Number of protein chains: 2
Amino acid sequence: MRLDERKRKILQAIVEDYVATAEPVGSRTVARKYNLGISPATIRNEMADLEEIGFLEQPHTSAGRIPSDFGYRYYVDEIMNKIGISQWEEAAIRRRLQARMDAIELLAHQTTEILSEVTRLASVVMGPIWVKNSFEYIRLLPVDREKVLLLVVTTMGLVEHFLMEAPAGVTAADLDHISRIINRQLKGLRPGDLTRATLDSIYDDLAAYRRVVDNIMDIVFAIMKEDQGRRVYLGGTLNILEQPEFRDVNKLKDILSLLSAEDKMWGLLAAGCEAEGLTIRIGHENKGAGINNCSIITATYQVNGEVVGTLGIIGPTRMEYARVASMVEYVSKVFSEVLSRR
Amino acid sequence: MRLDERKRKILQAIVEDYVATAEPVGSRTVARKYNLGISPATIRNEMADLEEIGFLEQPHTSAGRIPSDFGYRYYVDEIMNKIGISQWEEAAIRRRLQARMDAIELLAHQTTEILSEVTRLASVVMGPIWVKNSFEYIRLLPVDREKVLLLVVTTMGLVEHFLMEAPAGVTAADLDHISRIINRQLKGLRPGDLTRATLDSIYDDLAAYRRVVDNIMDIVFAIMKEDQGRRVYLGGTLNILEQPEFRDVNKLKDILSLLSAEDKMWGLLAAGCEAEGLTIRIGHENKGAGINNCSIITATYQVNGEVVGTLGIIGPTRMEYARVASMVEYVSKVFSEVLSRR
DNA sequence: GTTAGCACTCTCTGAAGGCGAGTGCTAAAA
DNA sequence: TTTTAGCACTCGCCTTCAGAGAGTGCTAAC
């Protein structure tokens, strides 16, 4: 199907305007916004033609036109310009995908999923606060010609392990040397304590192993950097749609914007951290947050006996407190166990 | 604040009815559904009292009552029965939290998040199909007195690693022996090929190491079991709320039920697997699925050159095809790279 | 102290009518 | 022959209004 230039231009204008506004596009709009040098009446004629061959549709007699599936298809195949994405966007995507995720992050994610599944509410896990946690030591174990296992152990007995690549020339003795130096420099450091000077000093001492050390410090740094703990994991956010109180679009917007504001969520969850165990906050008791008609049930969780965070659910004040509280409590118990055992 | 028994009963009835129905509760309803042996008129009097002390509210003059925040607070503190959760539920939670998640799962999750962030649409990653993948070998490396590193290598060059506990008595020689036996039995097996007989045979040969072998086979089994690949990862589902086409609650329900139906989603995504590279399916072109007005853009991803799955986004037919297609394509490229490099 | 009866209040629903956006057609202009 | 201006017409959206229904508060009787 071949369209003349003018029809293509009009189809393009309609598709792009509709994509941008989600409103049916009228002939006047096309004439005004896209200077094609023709009058609305002419455009109306062309639009009638485009409708006849099935590229446009009218929701009702006196509305503008919207593209049909076939119209989009033609647009995609014949009209649209394949725009590339910017270097900046590419870099952002690449960086995010290559960022290391640690085991706790994974587990937290898994936990939100379970919590929201059993409670049918939106769930939250506050990433652990590591204030009382500090660097203990790393170990490097050769696995095969190109792979080395890195273990990072902290005072709370948590172990993170990573399989990394290493140039073939690095021997077991080299690895021993590297880990000794790093351990001496970092021993006892808390998240946030890692300074530029320490890093430089390590690189000086290990100049010969630049590539391997790069890899190691990448990981150690990711584990030790301060803001890592300030994460909030969300799950089951779609469950809130099931609640009749959120039929109202405005209330929905309110709670969604709260949920996606990490700092506010952090504040709300940290409040539950004061007392060990279960906390139920009903409606206005969640002060500060711009939410009404919502309750939050949280329970603290522990790593090796120390309270390091909270997890729980958010739902309308109208909720089955007894059932949900038991669920939250139990999940926090198992979560603590699983964390402590690693 | 002390309430007499009858007021407690009435408050309880109202809270529980309102929790269940989300409708203001009238005196008639309380009298009919909760046999308290008193008439609606009496209940009305009591309700007026409860409203006066702030435990109940009236949305408007001639509606039933709903609990206030204080009412819920009293209910939670003084009335509700702390019901435990069933053993069955406990077991389910525990099982889910202790289930192993492999590295690909983690990466897939991360990828959906990135995709939906850059496109502002709901994103999907179809878990890899491992048909052309088979078991190559495991390696067991002692890490310290109680920990052993398990590496599972498959023909596509993928390596999964796990840190597991082992009884102190197991020596390096033992581990060597164990891995030799397991490797001989499993070599070349595909996902789904692992039979009961093979398992039994392994346990026979390694009866002495029952506990360690249990741990290992747990992991290997998780990696090799057939349906593992049939997973679909979702991300950014809340983004669909931003689209004006889903203001309509029914359309919203439609797409949400589609998104949560894993088998249907799998079908839709597998369709994009036929041709390597980018696939754009507009509206009705997504046949079979009960969705209208939705388009799906997917791109295949590879592990070491082999196409093993697809990832992409779902949004209204009204979408910025050019921009979104570029994003999906680029993410699939980086995802392939990251997967292949491990 | 409890209950039946009754007037009253307030929301919800559907119908009716006005408004406005946008079309299709016709006839004139280029 | 193509383009444009003019105009009547259509149809969804919004507001208004009345009737129905649910639930209350008050009063008087039990």
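The model shown is predicted, which means the values in this text are computed figures rather than measured ones. All chains are named by letter (A, B, ...) in the order of the sequence lines, taking the proteins before the strands, and each is independently numbered beginning at 1.
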* Structure fact -> Ranking B/Gly37 and B/Thr61 by the position along DNA chain C of their nearest nucleotide, the one closer to 5' is B/Gly37
Could you give the [atom1]-to-[atom2] distance, from [X] to [N], as a whole number of Å?
X: A/Arg44; N: C/dA21; atom1: CZ; atom2: P; answer: 15 Å
X: B/Glu52; N: D/dT24; atom1: CD; atom2: P; answer: 16 Å
X: A/Ile10; N: D/dT3; atom1: CD1; atom2: C1'; answer: 13 Å
X: A/Ile43; N: D/dT3; atom1: CD1; atom2: P; answer: 11 Å
X: A/Arg28; N: C/dG20; atom1: CZ; atom2: P; answer: 14 Å
X: B/Glu23; N: C/dT11; atom1: CD; atom2: C1'; answer: 12 Å
X: B/Gln58; N: C/dC8; atom1: CD; atom2: P; answer: 18 Å
X: A/Asn45; N: C/dT23; atom1: CG; atom2: P; answer: 11 Å

With a cut-off of less than 4.0 Å, is there a side-chain N or O of [X] near OP1 or OP2 of [N]?
X: B/Arg6; N: C/dT2; value: yes
X: B/Arg65; N: D/dG25; value: yes
X: A/Ser27; N: C/dT23; value: yes

* Does the base of C/dC10 carry an N or O that pairs as donor and acceptor with the side chain of B/Ser62 under 3.5 Å? -> yes
* Do A/Phe55 and A/Tyr74 have ring centres separated by under 6.0 Å? -> yes
* To do: Look up atom CD1 in B/Ile240 and atom CZ in B/Arg120, then write down how far apart they are to the nearest 0.5 Å.
  => 12.5 Å
* To do: Enter the distance from B/Thr119:OG1 to B/Ile314:CD1 here, rounded to the nearest 0.5 Å.
  => 11.0 Å
* How would you label the contact of A/Ala63 with the nucleic acid (heavy atoms, under 4.0 Å): base, sugar-phosphate, or nothing? -> sugar-phosphate
* **Sugar-phosphate only, base, or nothing, as touched by A/Thr42 at under 4.0 Å among non-hydrogen atoms** => base
* **Lys/Arg-Asp/Glu bridge criterion (N-O < 4.0 Å) met for B/Arg73, A/Glu285** => yes
* A/His60 side chain, from C-beta outward: closest of C/dG24, D/dG12, C/dT11 -> D/dG12
* Asked: Side chain of A/Ala41: nearest nucleotide among D/dT24, D/dT4, C/dG24?
  -> D/dT4
* Pairing residues for B/Arg318 by the salt bridge (charged side-chain N to carboxylate O under 4.0 Å, His left out) criterion, not counting sequence neighbours -> B/Glu245
